[in-house]
Each structure stands twice: as C-alpha cells, then as structure tokens.
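This report refers to the structure that appears directly beneath it.
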Amino acid sequence: MKAAVYEQFQHPIAIQNVQDPIPSENGVIIQLGASGLCLSDWHGWMGHDPGIVLPHVPGHELAGTLVEVGKKVTKWRGGERVTVPFAGGCGNCEQCKSGNQQVCDYQFQPGFTAWGSFSEYVAIDYADENIVEIPPNMEFVAAASLGCRFITAYRAVRDQGNLKPGNFIAIHGCGGVGLSAIQIAKSLGAIVIGIDITDDKCKLAREMGADHVINATHTDVVPAVLEYSQGGVQVSVDALGNRNTCINSINSLRKRGKHIQVGLMTGENATPSIPMSTVIARELEILGSHGMQAHRYSDMFRFIEAAGLDLNRMVTDTIPLEQLPDRLAAMDTNKSAGITVVHTF
C-alpha cells in the first residue's frame, strides 16, 4: 500500500510503498476514505511522543470502510463505514471497565502506538471496543473532521465542563478543537468568546457562532474576557496548549469556574506556572480532557443532528496524500484557519 512514512524524527516525510497491514485476532483493517491533519501529528513527527517507534506512519483522524475482520471480532463483519477514537481502550483494564476507555491503561492510538491513517489502509486493534459506525448521511471527510478535534471538544465542553445554557465560555485557540468547541457551546445555549491571534481565525470563530472574538495580538485577553463575561466565564478551554493560553484561561474564570486543558503541553510549554493562589481563592477546577470513548459517539451523533451542525464548515482544505508530507512538516508555522483533510489516497 501507499503511505506517508518518516524514518527519523524531524526528518523528511516520504510517500512510500509499504506492506499491507494484517488484522490482529481482535482487530480490523480499514480502507481509508479520509484522514484529518492535526497538530498532534506534528508533535509526533517532532519526537514529542515517547510511544512512537520508527519508522512510522502518522495519522489518527480517520474514516473509511472495513475490509478485513480478525477472527475474534464479534461486532463487525466488513463493509461497514466506520471511524474510531484516537485513543482506544483495551476493554479489560480498570479504566475501560469503568467506561473511561479514553484513558485506558493499555490504550491503542493509531498514528502513535501503531502505524496510522496517512495510508491506503490502517489496522485498528480492540475493534469491538472502539470501532464506531458512521451515520448513513455523513461523508468520510466530515467523519474524519470528528477526529481528535470535534470529539475532544464535545467531551471537554459537555462532559468535563458541564456547560449550561446561559453560561459564559471562553475558547482560547480557534483551530479545529476551538472551532468545534465554539459550535458545541453555542448549540448548548452558552455565550461564547473566541480568542486567537489572527484575523482569519477570529473571523471563522465568529462564523462558527462566537458571540465575541478577541485578537490576542493587539488586545489584552483577560481584561477583555472579564468585560464580555461580566466578571469571568464559568468554563474556559485552552484549545491550543501554550503557557500563555493556559494562564489566560485560568485567569479568565469567575469564582468556582472550570479550566479545561485540551491543547497538548509539550517542550517549553510542558510545565506552566499555574497561579495556584488564584485557584484556591476562587475555588477553581483544573481539568484535563483526552479524547472521547466510543460509547459516547451515539450521543454525539444525536447532538449533531439535533443542533443541525454542518461539520464540513470547519474543513477549509482537502488534499491528496502526496501533499501530506509538506503540510505536516509546516504545521507549527501554519496560521490558516479551519481543518485540512486528506481525501484521496
């Protein structure tokens, strides 16, 4: 099969012909229909994820068709249109048995713990625990945009944040996760403040439903959020993963508010100086959010349909696999708005 491969971290990514995958007894093979390009893929290529073994095929936001099924798989026959959480559960550990497969002790992550979806085919393990059938009216590109962006935002805002109608919420970073969070929060009846550093992303945040937008390049974020929210937001999401956005998010909260950390904190941003005196004095909550369980997808699909959300609005570019290497390597400097999806392999 054809796949995007890197053999050393931070070295060129090449399109190569590699051996087709074989399903494990509990796994399946998916023929790719679409695969989203995410900043997490760039972090992996940079060497920020200790679980990656070289050579490696990245890609974790995927949708496609089941073409092979392992002999111990019971829920799938082949031919189904499917997607999968980026962090899959084993089904047997303490976390999985409690329904929290997103933090499985032995989690399977395509594009990280195993070869990923920037390829014609991808192998997915623990299929009965993790595979999700796509609604008939959802195209592969839209399903791939769920990826780690929309599902992570959904769980962060709805489950971790417990956002209520009439609440104020600040979204720091209006990339894929941030734009998803804006749409979800607006559909829940919240008053939404979107923050980014480019006019294009602020414009797209407004189009996705943000009631207020702040360009952090020329506006002091925290005072602006406090003004728009009449004293602080109930929920604030760092969708980027930066020391500044993290601290701004915490300082934007009103008393007993919730900070949700979604953006990965790596390198120099790994250990931000949390204003713990503020956390204590205001009785704030600091929560992480890491993907979403497969069993929560049905609720999410119902929410998307009921809210009339169009996932394709966030997809601003579709590319062939051949363009993936250059796009992935440049993600840290890419300031364009919206989501890029590989749609031909």
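Numbers here are sequence positions counted from 1.
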Open item on the list: Is it the case that the side chains of Asn26 and Asp128 hold a donor-acceptor pair, with the cut-off being a distance below 3.5 Å and no angle test?
Closed with: no
Open item on the list: The criterion is side chain to side chain contact (heavy atoms under 4.5 Å, CB included); which residues satisfy it with Arg327, sequence neighbours excluded?
Closed with: Leu37, Asp317, Ile319, Gln323, Thr340
Open item on the list: Let's go through Met300 and Leu146 carefully: what are the C-alpha distance in whole Å and the side-chain angles of both, what is the deciding distance for side chain to side chain contact (heavy atoms under 4.5 Å, CB included) to 0.1 Å, and is it a yes or a no?
Closed with: CA-CA 10 Å; Met300 179 186 67; Leu146 294 170; 3.9 Å; yes
- [ ] State, without any angle test, whether Gln261 and Asp238 hold a side-chain donor-acceptor pair at a distance under 3.5 Å.
- [x] yes
- [ ] Using the side chain to side chain contact (heavy atoms under 4.5 Å, CB included) rule, take Phe168 and Gln230 through it: C-alpha gap first, then chi angles, then the decisive distance, then the call.
- [x] CA-CA 9 Å; Phe168 288 92; Gln230 302 167 28; 3.9 Å; yes
TODO: Could you note down all residue pairs passing salt bridge (Lys or Arg N to Asp or Glu O under 4.0 Å) where residues 177-190 supplies at least one of them, sequence neighbours left out?
DONE: Lys186-Asp211
Open item on the list: Ring centres under 6.0 Å, that's the criterion: do His43 and Phe9 meet it?
Closed with: no
Open item on the list: Tell me whether the count of non-hydrogen atoms from other residues, nucleotides or ligands lying under 6.0 Å of CD in Gln95 goes above 12.
Closed with: yes
TODO: Please determine, by modelled atom types, if Asn100 and Ser98 share a side-chain donor-acceptor pair under 3.5 angstrom.
DONE: yes
Open item on the list: Assess whether a salt bridge exists between Glu283 and Arg256, defined as any Lys/Arg side-chain N lying under 4.0 Å from an Asp/Glu carboxylate O.
Closed with: yes
Task: More than 12 heavy atoms from other groups under 6.0 Å of CD on Glu322 - done: yes
- [ ] Answer whether the closest heavy-atom distance between the side chains of Met46 and Thr266 falls below 4.5 Å.
- [x] no
- [ ] Locate the shortest heavy-atom distance separating Val221 from Ile214; write the atom from each residue and the value.
- [x] O-CD1, 4.2 Å
Open item on the list: When you compare the side chain of Leu54 with that of Glu7, does any pair of heavy atoms fall below 4.5 Å?
Closed with: no
Task: Exceeds 12 heavy-atom contacts within 6.0 angstrom, atom NZ of Lys2 - done: yes
Open item on the list: Pair His259, Cys246 - check side chain to side chain contact (heavy atoms under 4.5 Å, CB included), show working.
Closed with: CA-CA 8 Å; His259 162 76; Cys246 175; 4.0 Å; yes
Open item on the list: Looking at Arg282 and Leu253, would you say the former's side chain and the latter's main chain have a donor-acceptor pair under 3.5 Å?
Closed with: yes
Task: From CA spacing to verdict: side chain to side chain contact (heavy atoms under 4.5 Å, CB included), Gln183, Met314 - done: CA-CA 10 Å; Gln183 291 187 83; Met314 295 188 298; 3.2 Å; yes
Open item on the list: Can you tell me how the ring of Tyr228 sits relative to the ring of His212, calling it parallel under 30°, perpendicular over 60° and tilted otherwise?
Closed with: parallel
Open item on the list: Any carboxylate oxygen within less than 4.0 angstrom of a Lys/Arg side-chain nitrogen, looking at Lys75 and Glu133?
Closed with: no
Task: Test side-chain contact (heavy atoms from CB on, under 4.5 Å) applied to His172 and Asn248, Val237, Ile247, the passing residue - done: Asn248
Open item on the list: Around atom CZ of Phe303, are there more than 12 heavy atoms from other residues, nucleotides or ligands closer than 6.0 Å?
Closed with: yes
